[in-house]
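Read through the structure below, which is laid out as structure tokens, and then see the notes.
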Amino acid sequence: MDTSVFDDYESSVRSYCRHFPAVFSRAEGAFMYDEDGTEYLDFFCGAGALNYGHNNPYIIDKMMKYLQSGSILHSMDMYTPAKREFLETLENKVLKPRGLDYRVMCCGPTGTNANEAALKLARKYTGRSNVWAFMGCFHGMTLGALSLTTEKFARDAAGVALGNCTHIPAPYMFPELDVIKYMQRLLDDDHSGVEKPAALIMETIQAEGGIFPFETEFLKACREFCDKNEILLIIDDIQAGCARTGTFFSFERAGIKPDMVSVSKSIGGVGMPMALLLISPDKDIWEPAEHNGTFRGNQLSFVAGKAALEFMLENRVEEEVRRKSKIVEEFIEKEILPLDERLSCRGIGLMWGIDCEKLGGGKFSEAVVDACFGHRLVIERAGRDSSVVKLMPALVITDETLLKGLRIIKQSIAEVLGRKKTGDLM
């Protein structure tokens, strides 16, 4: 496979292709195929953009019919049948059955665009500039969202000061710390030096932070804290949403209603670019065109998004994710963790992490990911020092294929442990 053109002409910022040096030309379901026809099992899933699998036939069929119909493809935020049908489906099939009442803001094509809109609206609504976020979070790479993101590598690339954000210790960082009391003290203490925020933004499962699900009671307490102090609660469901955790929204398990929810990745069905901000009606105080973007109305994304919602509901994907989650958890606990007592795992739904921090951190996890790729499994890392092997298979993966991928992970970890014992992994 010739990759010279990428080396010659593409920016050095490229990253995933360095870990997976194959030229992928075709994909179907849970598998990708390179130019030579070699099959790879995908446990990366477009970082959550391909929840319903590569080239999902139901979704692709709807898109092809739309493309062949001569229907409009680009329309800014003008009215179209495709947008109408998507909004009606989202409202009637997803939001109303869950008792949720939101206005839908169509943002730019990526998740960070939705978070930028959320920040701007929260500040406009409250008149405050500061925002609180939890250490370990990832909310995007544009400057506003990057000010929330805590990964040092990403922040260092900004080139400017990243302000108007106070980072709060995540609850797993200091188990002895009552984080809710800590936040209240910051507000009540006139010597805390911390400004009252417009919003508290959070992932209910820190994904890039290392797969840390927040406890249900903590999520409820955050909602109560925000209500008590007139602070908006924003849930970033960009990676954990669209049924990844076993419910369409990751916060459903806590029974809370955020003031805003950012949604992207698999809301576009098969990797089509789309990002939404769901806004409580009383918070939707935008003036017309006060926030906009050329590609905030990708019609093919609306078509794919509507089809994805239909597919998810008709195939009971949420229920299937909860069932498959038990398969993953049982396999990791019975087959992988016994390989070495220093391994640990965390997860929910079909988002799991195997923590290798105590075995050498990023160097060990990188060797595991490389070994997996050698066995034709695409899988990525997350967390501090990228120490966590991150499992994110397609939600529609079969049990047999899911177990195949898990066995490859087990085999790869065992191989790297063997190299570590012999000193081949320094």
Side-chain angles (χ1 to χ4, degrees), residues 48-49 51 77 83-126 131 133 137 139-140 144-145 148 198-205 219 222-223 226-227 231-245 247-269 272-286 290-293 295-298 301-302 304-306 308-309 312-313 318:
N51 283 2
D77 68 353
K83 184 197 285 188
R84 177 201 290 136
E85 293 173 13
F86 172 79
L87 291 174
E88 287 175 343
T89 302
L90 180 64
E91 175 72 17
N92 297 323
K93 301 294 186 179
V94 176
L95 297 179
K96 281 185 178 178
R98 290 162 172 77
L100 298 173
D101 181 18
Y102 289 119
R103 304 298 295 274
V104 182
M105 178 180 178
C106 300
C107 306
T110 69
T112 193
N113 301 132
N115 282 338
E116 293 286 355
L119 292 175
K120 186 188 288 189
L121 183 57
R123 287 164 172 152
K124 174 181 171 68
Y125 182 84
T126 63
V131 173
C137 69
H139 293 292
L148 311 175
L200 171 66
I201 184 169
M202 63 189 300
E203 305 158 277
T204 70
I205 302 97
L219 298 178
C222 285
R223 175 71 277 183
C226 289
D227 287 340
I231 296 168
L232 302 187
L233 177 63
I234 303 170
I235 296 294
D236 178 340
D237 234 9
I238 289 165
Q239 189 162 160
C242 297
R244 172 60 58 179
T245 64
T247 53
F248 187 79
F249 295 110
S250 70
F251 56 82
E252 290 182 55
R253 70 185 190 277
I256 61 173
K257 182 182 182 296
D259 296 294
M260 300 183 212
V261 185
S262 53
V263 184
S264 187
K265 293 189 183 287
S266 279
I267 198 66
M272 289 300 297
M274 179 158 69
L276 306 175
L277 180 63
L278 308 181
I279 309 167
S280 293
D282 61 316
K283 310 298 189 303
D284 185 26
I285 60 169
W286 290 116
E290 195 170 16
H291 188 88
N292 56 43
F295 296 104
R296 65 190 183 277
N298 185 319
S301 294
F302 288 137
K306 174 179 179 285
L309 296 178
M312 179 202 69
L313 295 167
E318 295 162 293

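Everything numeric here is computed off the predicted structure, so don't read it as measured data.
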Query raised in the report: Hey, are the side chains of Asn298 and Met274 touching, using non-hydrogen atoms and a 4.5 Å cut-off?
Result: no
Query raised in the report: Is there a salt bridge (charged side-chain N to carboxylate O under 4.0 Å, His left out) between Asp259 and Arg223 once you walk through the steps?
Result: CA-CA 9 Å; Asp259 296 294; Arg223 175 71 277 183; 3.0 Å; yes
Report task. Have a look at Met202 and tell me which of Leu233, Ile234, Asp236 forms a side-chain contact (heavy atoms from CB on, under 4.5 Å) with it. Result -> Leu233
Query raised in the report: From Met272 CE over to Ile267 CD1, what is the distance, rounded to the nearest 0.5 angstrom?
Result: 13.5 Å
Requested in this report: For the pair Glu116 (side chain) and Gly144 (backbone), establish whether a donor and an acceptor sit closer than 3.5 Å, ignoring hydrogens and angles.
Outcome: yes
Query raised in the report: Is Lys283 atom NZ crowded by more than 12 heavy atoms from other residues, nucleotides or ligands, each under 6.0 Å away?
Result: yes
Query raised in the report: Would you say Arg98 has more than 12 foreign heavy atoms packed within less than 6.0 Å of its CZ?
Result: yes
Query - Value rounded to 0.5 Å, distance of CD in Glu318 from CE in Met312 - result: 4.5 Å
Report summary line: Heavy atoms of Ala122 and Ala199 approach each other most closely as CB-CB, 3.9 Å
Report task. State whether Phe249 and Lys257 meet the cation-pi test: NZ (Lys) or CZ (Arg) under 6.0 Å from the six-membered ring centroid, and within 45° of the perpendicular axis. Result -> no
Query raised in the report: Is the shortest heavy-atom distance from the side chain of Asp77 to the side chain of Lys83 under 4.5 Å?
Result: yes
Query raised in the report: Do Asn115 and Thr112 get their side chains close enough for a donor-acceptor pair, meaning under 3.5 Å?
Result: no
**Report entry** Heavy-atom side-chain contact between Leu148 and Leu119 under 4.5 Å
**Finding:** yes
Query raised in the report: Taking the side chain as C-beta and beyond, is there a heavy-atom pair between Thr204 and Ile235 under 4.5 Å?
Result: yes
Query - Closest non-hydrogen atom pair, Asn51 against Ser266 - result: N-OG, 2.9 Å
**Report entry** Pairwise side-chain contact, Leu278 with Leu95, heavy-atom cut-off 4.5 Å (strictly under)
**Finding:** yes
**Report entry** pair Met260-Met105: side-chain heavy atoms closer than 4.5 Å
**Finding:** no
Query raised in the report: Closest approach of Ala240 and Thr245, non-hydrogen atoms and distance?
Result: O-CG2, 3.5 Å
Requested in this report: Measure the CG-CG distance between Asn113 and Leu276 for me, rounded to the nearest 0.5 Å.
Outcome: 11.5 Å
**Report entry** The single option from Ser250, Ser262, Ser264 passing side-chain hydrogen bond (donor to acceptor under 3.5 Å, both in side chains) against Asp237
**Finding:** Ser250
Report task. Flag the pair Leu90 / Phe302 as yes when at least one side-chain heavy-atom distance between them is below 4.5 Å, and no otherwise. Result -> no
Report task. Measure the spacing between CZ of Phe251 and CG of Leu100 and express it to the nearest 0.5 Å. Result -> 5.5 Å
Report task. Decide yes or no on side chain to side chain contact (heavy atoms under 4.5 Å, CB included) for Leu219 and Arg253, but give the supporting numbers first. Result -> CA-CA 9 Å; Leu219 298 178; Arg253 70 185 190 277; 3.7 Å; yes
Query raised in the report: Would Glu290 and Lys124 count as a side chain to side chain contact (heavy atoms under 4.5 Å, CB included) if you check the C-alpha gap in whole Å, the side-chain angles of each, and the deciding distance to 0.1 Å?
Result: CA-CA 11 Å; Glu290 195 170 16; Lys124 174 181 171 68; 3.1 Å; yes
Query raised in the report: Between CZ of Arg296 and SG of Cys106, what distance do you get to the nearest 0.5 Å?
Result: 9.0 Å
Query - Between NE2 on residue His291 and NZ on residue Lys120, distance to nearest 0.5 Å - result: 5.0 Å
Report task. State, yes or no, whether a side-chain contact exists between Tyr102 and Pro258 at a heavy-atom distance under 4.5 Å. Result -> yes
